[in-house]
A.B. asks: 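Sharing a structure here in structure tokens format.
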Amino acid sequence: MPANVLIPFYSTFGHVHQMALAVAEGARSVPGTEVRVRRIPELEAARAAMSGMEWYVKAQEAMADIPEATHDDLRWADGIVWGTPTRYGNMTAQMKQFLDTLGGLWAKGELEDKATGVFTSTANVGGGQETTILTSLVPLLHFGMVFVGTPYGQNPGIFGAEGRGGSPYGPGTVAGPDGSRQPIESELQVARNLGSRVALVAAALRPVRLKEPHGQQPDAPAYRTEG
Ligand SMILES: Cc1cc2nc3c(=O)[nH]c(=O)nc-3n(C[C@H](O)[C@H](O)[C@H](O)COP(=O)(O)O)c2cc1C
């Protein structure tokens, strides 16, 4: 039974956008997989602060046609691959803000047993390639998602001493201190590999997920402010 794969991403300057398209390509390579690429909404404060920056405006224009992610997209998906640039070794505020709207889905167990993975972009090789993915995993585990990484055996692109993005935890690219470096082929290939792996794992989990009883116990805490 093929899977539905959702790729919600946030990108300021376009690097994570390019990686998202590669993840989508990989997911689509698994026959029968349905794929949706969706933008995580920009924060008004960020838009106001950066709207005078040419690189920001160009990157936002290039992704303007991509619909924003909705809660129904998350319900539709069997696998969800999140993209976020690093901010101090963590996910962006934009992604965290979006996750914070998901209390209603969490409360009903609607994300449980869905396959998930994370890809990122940093300015520097040591700037958060690994920590951004590992720290993003924390809320995804609260949701009950099943984490999928990019192991060395399947991803020779992450093996070696060269300054490249990507790790066993997930794909990454390195934007460079001034943002001018673009994703290279070996980084994009790791992104494609995560897309196909999540598609396969999500398809395998689908019968399990649909059979198991889900939902919160009546006496459990409910953070139902939104969603
Ligand atoms: C507030 C802020 C914090 C950042 N923190 C880090 C960091 O901890 N490590 C790092 O390597 N890059 C850091 N960066 C650089 C971004 O990760 C970089 O611009 C991004 O990876 C580019 O991806 P994008 O083109 O998809 O936006 C930071 C950028 C901003 C604006």
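None of these values were measured; they are calculated from a predicted model.
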A.B. asks: How would you list, by chain and number, every residue that makes a ring pair (Phe, Tyr, Trp, His ring centres under 6.0 Å) with Tyr10, sequence neighbours excluded?
C.D. replies: none

A.B. asks: Does a donor on one side chain and an acceptor on the other come within less than 3.5 Å for Ser167 and Gln129?
C.D. replies: no

A.B. asks: Please name the pair of heavy atoms, one in Pro2 and one in Arg206, separated by the smallest distance, quoted to 0.1 Å.
C.D. replies: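 Minimum heavy-atom contact is O-NH1, 3.2 Å.
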
A.B. asks: Between Ala115 and Val148, which heavy-atom pair has the shortest distance, and what is it?
C.D. replies: CB-CG2, 4.2 Å

A.B. asks: Given salt bridge (charged side-chain N to carboxylate O under 4.0 Å, His left out), test Arg47 with Glu44 step by step and report yes or no.
C.D. replies: CA-CA 5 Å; Arg47 199 194 311 276; Glu44 279 315 313; 3.2 Å; yes

A.B. asks: Please identify each residue that fulfils side-chain hydrogen bond (donor to acceptor under 3.5 Å, both in side chains) with Asn90, with sequence neighbours left out.
C.D. replies: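 Asn90 satisfies side-chain hydrogen bond (donor to acceptor under 3.5 Å, both in side chains) with Thr135 once adjacent residues are dropped.
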
A.B. asks: Return the minimal non-hydrogen interatomic distance between Leu194 and Val81, and the atom names on each side.
C.D. replies: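 Smallest heavy-atom distance, with atoms named: CD2-CG1, 3.4 Å.
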
A.B. asks: Drop me the distance from Met1's CE to Leu205's CG, to the nearest 0.5 angstrom.
C.D. replies: 12.5 Å

A.B. asks: Applying side chain to side chain contact (heavy atoms under 4.5 Å, CB included), run through Tyr169 and Leu137 and close with a yes or a no.
C.D. replies: CA-CA 10 Å; Tyr169 314 118; Leu137 181 53; over 6 Å; no

A.B. asks: Going from CG on Leu43 to CE on Met50, what distance comes out if it is rounded to the nearest 0.5 angstrom?
C.D. replies: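 One gets 9.0 Å once the value is rounded to the nearest 0.5 Å.
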
A.B. asks: In the structure I gave you, are the side-chain heavy atoms of Pro139 and Met91 within less than 4.5 Å of one another anywhere?
C.D. replies: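 The answer is yes, as the side chains (C-beta and beyond) meet within the 4.5 Å cut-off.
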
A.B. asks: Roughly how far apart are Phe13 CZ and Tyr56 OH, rounded to 0.5 Å?
C.D. replies: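 Answer for the CZ-OH pair, Phe13 versus Tyr56, is 8.5 Å.
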
A.B. asks: Under the 3.5 angstrom rule, does the side chain of Arg38 hit a backbone N or O of Asp73 as a donor-acceptor pair?
C.D. replies: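 Not confirmed, Arg38 side chain does not pair with Asp73 backbone.
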
A.B. asks: Without swapping roles, check the side chain of His15 against the backbone of Arg181 for a donor-acceptor pair under 3.5 Å.
C.D. replies: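 Looks like yes, one N/O pair under 3.5 Å.
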
A.B. asks: Please tell me whether Val118 and Met145 are part of a single hydrophobic cluster in this structure, the criterion being side-chain heavy atoms less than 4.5 Å apart.
C.D. replies: yes

A.B. asks: Any idea which heavy atoms bring Ala77 and Leu6 closest together, and the distance?
C.D. replies: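 Heavy atoms only, the tightest pair is CB-CB, 3.7 Å.
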
A.B. asks: Report, as yes or no, whether the 6.0 Å neighbourhood of atom CD on Glu34 holds more than 12 heavy atoms from other residues, nucleotides or ligands.
C.D. replies: no

A.B. asks: Could you tell me the separation between the CZ atom of Phe143 and the OG1 atom of Thr116, rounded to the nearest 0.5 Å?
C.D. replies: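 Spacing of CZ (Phe143) from OG1 (Thr116) equals 9.5 Å.
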
A.B. asks: Output yes when a side-chain donor or acceptor of Thr131 lies under 3.5 Å from a complementary backbone atom of Gly89, and no otherwise.
C.D. replies: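 A pair under 3.5 Å: yes.
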
A.B. asks: Under 3.5 Å, is there a donor-acceptor pair between the side chain of Lys114 and the main chain of Leu74?
C.D. replies: yes

A.B. asks: Going through the distances and angles, do Phe9 and Val23 end up as a side chain to side chain contact (heavy atoms under 4.5 Å, CB included)?
C.D. replies: CA-CA 11 Å; Phe9 74 97; Val23 173; over 6 Å; no

A.B. asks: Would a single hydrophobic cluster contain both Ile66 and Met95, if residues Ile, Leu, Val, Met, Phe, Trp and Tyr are joined by side-chain heavy-atom contacts under 4.5 Å?
C.D. replies: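 Cluster IDs for Met95 and Ile66 differ.
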
A.B. asks: Which pairs, with at least one residue in residues 189-203 and sequence neighbours excluded, count as a salt bridge (charged side-chain N to carboxylate O under 4.0 Å, His left out)?
C.D. replies: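 Applying salt bridge (charged side-chain N to carboxylate O under 4.0 Å, His left out) to every pair that reaches into residues 189-203, excluding sequence neighbours, yields Glu25-Arg192, Glu185-Arg192.
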
A.B. asks: Are Val35 and Val201 connected, step by step, through hydrophobic side chains (Ile, Leu, Val, Met, Phe, Trp, Tyr) whose heavy atoms are closer than 4.5 Å?
C.D. replies: yes

A.B. asks: With sequence neighbours excluded, give me every salt bridge (charged side-chain N to carboxylate O under 4.0 Å, His left out) pair touching residues 9-24.
C.D. replies: none

A.B. asks: If two hydrophobic side chains count as joined below 4.5 Å and joins carry through other members, does Leu188 share a cluster with Val174?
C.D. replies: no

A.B. asks: Please answer whether the main-chain N or O of Ile184 pairs with a side-chain N or O of Glu187 as donor and acceptor at a distance below 3.5 Å.
C.D. replies: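 Checking the backbone N and O of Ile184 against the side chain of Glu187, a donor-acceptor pair under 3.5 Å is found.
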
A.B. asks: Same hydrophobic cluster for Met19 and Phe147, using side-chain heavy-atom links shorter than 4.5 Å among ILVMFWY?
C.D. replies: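 No: no chain of side-chain contacts under 4.5 Å links Met19 to Phe147.
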
A.B. asks: Looking only at non-hydrogen atoms, find the nearest pair between Ala48 and Ser51 and report the distance.
C.D. replies: O-OG, 3.4 Å

A.B. asks: Under the 3.5 angstrom rule, does the side chain of Gln60 hit a backbone N or O of Thr12 as a donor-acceptor pair?
C.D. replies: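 Such a contact is found between Gln60 side chain and Thr12 backbone.
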
A.B. asks: Any chance you could measure Leu105, atom CG, to Leu111, atom CG, to the nearest 0.5 Å?
C.D. replies: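 With rounding to 0.5 Å, CG (Leu105) is 5.0 Å from CG (Leu111).
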
A.B. asks: Which residues pass the side-chain hydrogen bond (donor to acceptor under 3.5 Å, both in side chains) test with Asn4, sequence neighbours left out?
C.D. replies: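 Residues passing side-chain hydrogen bond (donor to acceptor under 3.5 Å, both in side chains) with Asn4: none at all.
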
A.B. asks: Do other residues, nucleotides or ligands put more than 12 heavy atoms under 6.0 Å from the CD atom of Glu54?
C.D. replies: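 At most 12 heavy atoms, drawn from other residues, nucleotides or ligands, come within 6.0 Å of this atom.
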
A.B. asks: Excluding sequence neighbours, so at least two apart, what forms salt bridge (charged side-chain N to carboxylate O under 4.0 Å, His left out) with Asp72?
C.D. replies: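 Arg75.
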
A.B. asks: What distance do Gln94 atom CD and Glu42 atom CD have between them, rounded to the nearest 0.5 Å?
C.D. replies: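 Result: 4.5 Å between the selected atoms.
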
A.B. asks: Would you call the rings of Tyr152 and Phe159 parallel, tilted or perpendicular, where under 30° means parallel and over 60° means perpendicular?
C.D. replies: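 Answer is perpendicular, since the angle exceeds 60°.
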
A.B. asks: State which residue, out of Val198, Ile80, Val37, fulfils the side-chain contact (heavy atoms from CB on, under 4.5 Å) condition with Ile7.
C.D. replies: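 Exactly one pass, corresponding to Val37.
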
A.B. asks: For Asp65, is the CG atom crowded, meaning more than 12 foreign heavy atoms sit under 6.0 Å from it?
C.D. replies: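 For Asp65, atom CG is not crowded (no more than 12 foreign heavy atoms under 6.0 Å).
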
A.B. asks: Take Thr150 and Phe119, measure what side chain to side chain contact (heavy atoms under 4.5 Å, CB included) needs, and give me the verdict at the end.
C.D. replies: CA-CA 10 Å; Thr150 45; Phe119 56 100; over 6 Å; no

A.B. asks: Looking only at atom types and distance, does a side-chain atom of Thr84 sit under 3.5 Å from a main-chain N or O of Thr92, one as donor and one as acceptor?
C.D. replies: yes

A.B. asks: Kindly give the heavy-atom pair with the smallest separation between Ser121 and Val16, and that separation in Å.
C.D. replies: CB-CG2, 3.6 Å

